[in-house]
Protein chains: 2
Amino acid sequence: MTFTLDDLAGSGPLPEHDARTRVLETAYRLFYRQGLRATGIDRIIAESGVAKMSFYRHFPSKQALIDAYLDLRHARWMAWLEGRLGKLSSPRDWLAALPGALDDWFRAPGFRGCAFINGHAEAGPDAPAMTVMHKRALAARIERACAEAGLPQPGEVAADLLLAIEGAIVRAQMEGADAAQQPLRRLFARTLSDAGGKQ
Amino acid sequence: MTFTLDDLAGSGPLPEHDARTRVLETAYRLFYRQGLRATGIDRIIAESGVAKMSFYRHFPSKQALIDAYLDLRHARWMAWLEGRLGKLSSPRDWLAALPGALDDWFRAPGFRGCAFINGHAEAGPDAPAMTVMHKRALAARIERACAEAGLPQPGEVAADLLLAIEGAIVRAQMEGADAAQQPLRRLFARTLSDAGGKQ
DNA sequence: CTTGAACAAGACAGGTCTGTCTGTCAACAT
DNA sequence: ATGTTGACAGACAGACCTGTCTTGTTCAAG
């Protein structure tokens, strides 16, 4: 089972599912589209067609729903990335294909940046721990690919690539995918050729 | 007159100033520290020691205050950057000194990322125009330095550097200045040496 | 001295927010 | 048949939000 960009965008109410799933899917869509604070509990309850007490039976507070949303978002985003790049065999190709995969994401309808960057920016220093956990997981995944590709100092290379990715996400969010695509490709190419030449 | 990092952090109530200045300075501090939506009008009014009608006489709505805050933030941040790098003579030194200046900012007490990235993330697609205007002004300033330094294709180089800067801001905000410093320096060095070698 | 502008303090309205509570109903197991 | 469980519907409380309005004070210009 792989996840597609539609899963990242969030689907509709899905009335055949149980109450918890409907609430979580509605929150998944609204939290990403409008932000955490701008999305009220009442709207999530209304759009998911659920009673208020059913909501509070499954999620003790709004914060618990936000945490569940971030957990789900993390799982789906990482699964989408692996599915998008999974057919590639070598770690070197995996790294080279990263900018193209991200560009697909930037151009997907409903793209509004990274849910974890946005959530961290909104919640400030007491943001949910998942916001930084997601980035550490992505950094670890990239570092693994660098190590498997035989690049020297894979931690440093991964840190450089992650910083470029974060910048591309922000640029795509504020100015559109075209503003991020070529700079991201160039920074990737420079970093990888620099690391590859040193080994 | 130059601006320091203290100005970027925002000063206290300053009771000797007039009502509008006190409101704007308080908003400047609270909006950056807590976010736009999390900061209520009542708190700004209370902390600035101003009557509610005095506030609404100078700012017709909260949105107008947000716009004024972003305008002031833009002016101070750009002035701080020019003051921090102004003593450098050549455009090439100016570009080379950018990562160090940004690192100073990342390590300043109260640093919470870029007010314009955060504001854009919070407000979504209908964010105040100043959020993207600030980034375009910074891109134009960097491109000017690239052109004055004689680099070929200064627009592309500036786009690469700006993307790295955005990434460094986000990384510093989420993981601390140490996570951003070295990757930003390396990406700058690679990009500038790549551009310099081509001319 | 008078007049008017700016300001302080705070009540108030109308809306929204989270979270609690009371009913009612259908499905299902014992 | 009867009790249990989960869910729907919606009222309600208490807090907070933006924005308006009233009242009284200070101060400076005419």
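Numbers restart at 1 for each chain; the letters A, B, ... are given by sequence-line order, proteins then strands.
Partners of B/Arg33 by side chain to side chain donor-acceptor pair (under 3.5 Å), not counting sequence neighbours: none found. Remark: A/Arg20 engages no residue in a salt bridge (charged side-chain N to carboxylate O under 4.0 Å, His left out) (not counting sequence neighbours). For B/Thr39, the side chain to side chain donor-acceptor pair (under 3.5 Å) test picks out B/Gln34, with sequence neighbours left out. For B/Arg136, the side chain to side chain donor-acceptor pair (under 3.5 Å) partners are A/Glu175, not counting sequence neighbours. Under the rule for a ring-ring contact (aromatic ring centres under 6.0 Å, His included), the partners of A/Phe31 that lie at least two apart in sequence or sit in another chain are A/Tyr69. Under the side chain to side chain donor-acceptor pair (under 3.5 Å) criterion, B/Asp71 pairs with no residue at all, not counting sequence neighbours.
DNA chain C lies under 4.0 Å from at least one heavy atom of each of the following residues of residues 52-67 of chain B: B/Lys52, B/Ser54, B/Arg57, B/His58.
Along DNA chain D, the nucleotide nearest A/Gly49 and the nucleotide nearest B/Arg43 are compared for position; the residue whose nucleotide lies closer to the 5' end is A/Gly49.
Remark on the helix from C/dC1-D/dG30 to C/dT30-D/dA1: inter-end axis angle 10°, axes from five-pair C1' superpositions, rounded to 10°.
Residue A/Ile41 contributes atom CD1, which lies 11 Å from atom P of C/dT20 at whole-angstrom precision. Spacing between atom CD1 of A/Ile45 and atom P of C/dT16 amounts to 15 Å, rounded to whole angstrom units.
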Just list the side-chain donor-acceptor pairs under 3.5 Å for residues 160-167 of chain A, sequence neighbours left out, or say none.
from     : atom 1 : to       : atom 2 : distance (Å)
A/Asp160 : OD1    : B/Arg186 : NE     : 3.1
A/Asp160 : OD1    : B/Arg186 : NH2    : 2.9
A/Asp160 : OD2    : B/Arg186 : NE     : 2.9
A/Asp160 : OD2    : B/Arg190 : NH1    : 3.2
A/Asp160 : OD2    : B/Arg190 : NH2    : 2.9
A/Glu166 : OE1    : A/Lys135 : NZ     : 2.9

For residues 102-115 of chain B, which side-chain donor-acceptor pairs fall under 3.5 Å, sequence neighbours excluded?
from     : atom 1 : to       : atom 2 : distance (Å)
B/Asp103 : OD1    : B/Arg107 : NH1    : 2.8
B/Asp103 : OD2    : B/Arg107 : NH1    : 2.9
B/Asp103 : OD2    : B/Gln181 : NE2    : 3.2
B/Asp104 : OD2    : B/Arg84  : NE     : 2.9
B/Asp104 : OD2    : B/Arg84  : NH2    : 2.6
B/Arg107 : NH2    : B/Asp178 : OD1    : 2.1

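Using a 4.0 Å cut-off between a side-chain N of Lys or Arg and a carboxylate O of Asp or Glu, B/Glu47 and B/Arg43 qualify as a salt bridge.
Taking 4.0 angstrom as the limit, A/Arg37 places none of its side-chain polar atoms (N or O) nearer than this to OP1 or OP2 of C/dT18.
Counting only residues at least two apart or on different chains, the side-chain hydrogen bond (donor to acceptor under 3.5 Å, both in side chains) pairs with a member in residues 55-66 of chain B are B/Gln63-B/Asp67.
Here chain B contacts DNA chain D (any atom closer than 4.0 Å to a heavy atom, that is under 4.0 Å), and the contacts span D/dT18 to D/dT22 from 5' to 3'.
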